[in-house]
Amino acid sequence: VQLQASGGGLVQAGGSLRLSCAASGSIFTINNMGWYRQYPGEQRELVADITSGFSGGRTNYADSVKGRFTISRDNAKNTVYLQMDSLKPEDTAVYYCNADLVTRRGVVDYWGRGTLVTVSS
């Protein structure tokens, strides 16, 4: 079981990027999914998360990204997305996806490898 993130890169301020994170392996279902970011020397912080479809797919955003980022998920593909628009230099960070995966071991909290997002001014 693993989470594979992709979509990071270099973009100019005001531009857009779309991150994707796909879960694979022996998964029964996926509960919450989310994106976090980490600045050098700091702790990981929540960017956005989304509940499962059974819970209504409710979304939650950090104040710093409200109105600019959109989280969504495709349950058929076990994938969560983060559409990032109007990017700012302060959005530069390593982004990590996270998911509560229901497996034969029970509900396990998984993290994907980080993907670097760099926003130039």
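- For residues 69-89, the set of pairs meeting the ring pair (Phe, Tyr, Trp, His ring centres under 6.0 Å) definition, not counting sequence neighbours, is empty.
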In a table with atom names and distances, give each donor-acceptor pair under 3.5 Å that connects a side chain of residues 86-94 to protein atoms at least two apart or in another chain.
residue: Asp91; atom: OD1; partner: Arg37; partner atom: NH1; Å: 3.0
residue: Asp91; atom: OD1; partner: Arg68; partner atom: NH2; Å: 3.0
residue: Asp91; atom: OD2; partner: Arg68; partner atom: NH1; Å: 2.7
residue: Asp91; atom: OD2; partner: Arg68; partner atom: NH2; Å: 3.4
residue: Asp91; atom: OD2; partner: Lys88; partner atom: N; Å: 2.8
residue: Thr92; atom: OG1; partner: Pro89; partner atom: O; Å: 2.9
residue: Thr92; atom: OG1; partner: Val119; partner atom: N; Å: 2.8
residue: Thr92; atom: OG1; partner: Val119; partner atom: O; Å: 3.4

Hey, can you pull the donor-acceptor pairs under 3.5 Å for the side chains in residues 2-14, sequence neighbours left out?
none

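- Summarising the geometry of Val117 relative to Met84, their closest heavy-atom pair is CG2-CE, 3.8 Å, with the distance given to 0.1 Å.
- Summarising the geometry of Tyr39 relative to Glu45, their closest heavy-atom pair is CE1-OE2, 3.7 Å, with the distance given to 0.1 Å.
- Here CG of Asn31 is found 9.5 Å from OG1 of Thr51. Values are rounded to the nearest 0.5 Å.
- Pairs engaging residues 56-121 under the disulfide bond (SG atoms under 2.5 Å apart) rule: Cys21-Cys97 [sequence neighbours left out].
- Take Asp85 and apply the side-chain hydrogen bond (donor to acceptor under 3.5 Å, both in side chains) test, not counting sequence neighbours, and it matches Ser16, Gln83.
- When side chains are defined from C-beta on, Val108 does not count as touching Val1, because their heavy atoms never get closer than 4.5 Å.
- Residues forming a side-chain contact (heavy atoms from CB on, under 4.5 Å) with Thr59 (at least two apart in sequence, or on another chain): Ile50, Tyr61, Ile71.
- The stretch residues 97-119 participates, sequence neighbours left out, in these ring pair (Phe, Tyr, Trp, His ring centres under 6.0 Å) pairs: Tyr36-Trp111.
- Distance check, rounded to the nearest 0.5 Å: CG of Leu19 to CH2 of Trp35 gives 4.5 Å.
- Val102 shares a hydrophobic cluster with Phe28, Val107; the chain of contacts runs through ILVMFWY side chains whose heavy atoms sit under 4.5 Å apart.
- Contacts classified as salt bridge (Lys or Arg N to Asp or Glu O under 4.0 Å) and involving residues 93-112 (residues at least two apart or in different chains) are not found.
- No side-chain donor-acceptor contact under 3.5 Å links Thr103 to the backbone of Ile27.
- With contacts defined as side-chain heavy-atom distances shorter than 4.5 Å, the pair Ile30/Arg73 qualifies.
- Looking only at atom types and distance, the side chain of Asn60 has no donor-acceptor partner in the side chain of Arg58 under 3.5 Å away.
- Cluster membership for Val80 and Tyr96, using ILVMFWY side-chain heavy atoms within less than 4.5 angstrom, is not shared.
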